[in-house]
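What you see below is based on every heavy atom in this structure, not just the backbone, and it leaves out hydrogens, waters and symmetry mates. When a ligand or atom number is given, it counts from 1 through the structure's own listing order. Here, residue 1 is the first one in the sequence, and each next residue gets the next number. Keep in mind the model is a prediction, meaning the values are calculated, not measured.
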Amino acid sequence: MTAARTAAGEPAVRVRGLRKTYRTFTLRQVVAVDRLDLTVPSGGVHAFLGPNGSGKTTTIRMLLGLVRPDAGTVHLFGTPVPSRLPDVVARVGAIVENPKFVPGFSGRRNLRLLATAVDVPHTRVEEVLERVGLRDRGQDQFRRYSLGMKQRLAVAATLLRDPDLLIFDEPTNGLDPAGIRDVRATMRGLAEEGRTVLVSSHMLAEVEQVADTVSVVARGRLVAEGTVAELLGGGAAADVRVGVADAVRAQALLGTAGWTVRRAGTSLLVGGSPGAAQVNEALARGGVYAHEVALVRRDLEAAFLELTGPGPDGAPGPTVTSAAGAA
Ligand SMILES: Nc1ncnc2c1ncn2[C@@H]1O[C@H](COP(=O)(O)OP(=O)(O)OP(=O)(O)O)[C@@H](O)[C@H]1O
């Protein structure tokens, strides 16, 4: 099953030059998505990351044929959308906004209604309830479910047709920590079954823990793509924090080695070095012995703000970086 889901060699999602402009009530033009390129590899969890209003929901709605683009192309598993959406729609499941379930019906009855609507046998309802851990609570009324359980029922609904691509728009909004953990575990589990999960988020911590690859958008445009580690600059590019008694001498030694050195409280932060061991060695060779040498991971929040914040002139976004080195 895993091979069949991913064997096509096509990315699950391929978007090129996508653009969508809205007109507000005051006839002001809002560019929601602006010549966006997006590639979601087949298999694994891909985070679609960006601040509020950066165009994530609009993009997802275009992937699903719910909003018509002004320009650009969308392919899902190599099939052009929306022109040939019917050919691929059964392979895609999405939770875009709060799913509509009947509050007074049980979770199971809600799913059975949906199963009938999409022509799936009711035996599949039991499978998906089991899959999201709701089989024992399937007889409870939907209105009695916690938010996390409601979200899991929504996932179960998307699984009815056994899709290869699942799209979640901000799935952890409003969930408590246990609910967030559940959603993350569900996403990982789906990816391990060979499916592709595309999850939009503005929550960096969520992305770091669950995503294999990430696309970062700001003001409707792609600003970076790659793995989380690549977006953070990788270990080699991280700073090294050094604690020494003689900071002046250490600063001179490290500067001579060609690295950038700046003060951070009582420590020094060394940038551009190949790693902590090399920094330590350079100090020792110069007769300076550090009481602390530690690799400091670049802060994800800082990296994200750097990527998505306004440029120095406050206007267009930062240039596109391909952290993965991919075209
Ligand atoms: N139907 C609409 N009419 C007018 N403007 C819209 C409409 N939908 C979205 N927008 C605007 O387009 C821009 C992108 O919105 P979108 O909802 O796609 O971003 P988002 O990244 O999903 O944001 P959030 O994380 O807040 O949901 C925003 O400026 C938003 O106000």
Show your reasoning for whether salt bridge (charged side-chain N to carboxylate O under 4.0 Å, His left out) applies to Arg14 and Glu10. CA-CA 9 Å; Arg14 186 178 156 86; Glu10 286 283 351; 6.0 Å; no
Hey, does [X] come in under 3.5 Å of ligand 1, counting only N/O atoms on both sides?
X	result
Thr59	no
Arg23	no
Thr57	yes
Ala32	no

Nearest heavy atom to atom 14 (C) of ligand 1: which of Ala218, Gly53, Ser201 does it belong to?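 Closest candidate by heavy-atom distance is Gly53.
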Proximal candidate to atom 25 (O) of ligand 1 [heavy atom criterion; set Lys56, Arg61, His202]: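 Among Lys56, Arg61, His202, the closest heavy atom to atom 25 (O) of ligand 1 comes from Lys56.
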As an exercise, identify every atom of ligand 1 less than 4.0 angstrom from a heavy atom of [X].
X	result
Ser54	19 (O), 20 (P), 21 (O)
Glu170	25 (O)
Pro51	21 (O)

Starting from [atom], find the nearest protein heavy-atom neighbour and note its residue, name and distance.
atom	answer
atom 29 (O) of ligand 1	Val30 CG1, 3.7 Å
atom 15 (O) of ligand 1	Thr58 OG1, 3.9 Å
atom 19 (O) of ligand 1	Gly55 N, 3.0 Å
atom 4 (C) of ligand 1	Tyr22 CB, 3.4 Å

Candidate pair His46 and Thr196, rule side-chain hydrogen bond (donor to acceptor under 3.5 Å, both in side chains), full reasoning: CA-CA 8 Å; His46 185 92; Thr196 307; over 6 Å; no
So which of Asp37, Asp34, Asp70 actually passes salt bridge (charged side-chain N to carboxylate O under 4.0 Å, His left out) with Arg19?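 Filter result, single survivor: Asp34.
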Pairing of Arg131 and Glu193 as salt bridge, 4.0 angstrom limit: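 Judged by the 4.0 Å cut-off on N to carboxylate O distance, Arg131 and Glu193 do form a salt bridge.
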Using a strict cut-off of less than 4.0 Å between a Lys/Arg side-chain nitrogen and an Asp/Glu carboxylate oxygen, indicate whether Arg262 and Asp239 qualify as a salt bridge.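 Looking at Asp239 together with Arg262, the answer is yes, because their closest N to O distance falls below 4.0 Å.
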Closer than 4.0 Å and a protein heavy atom, does any atom meet both conditions relative to atom 23 (O) of ligand 1?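 Under 4.0 Å from atom 23 (O) of ligand 1, at least one protein heavy atom found.
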Flag, side chain of Thr260 to backbone of Gly271, donor-acceptor distance under 3.5 Å: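 The answer is yes, because a donor-acceptor pair under 3.5 Å joins these two groups.
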Looking only at atom types and distance, does a side-chain atom of Gln139 sit under 3.5 Å from a main-chain N or O of Arg108, one as donor and one as acceptor?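 Answer holds: no.
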Got a sec: does the CZ of Arg109 have more than 12 other heavy atoms crowding it under 6.0 Å?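 No, not enclosed.
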Can Lys150 be said to sit on top of Phe101's aromatic six-ring, NZ or CZ under 6.0 Å from centre and within 45° of the ring axis?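 Not satisfied by the 6.0 Å and 45° rule.
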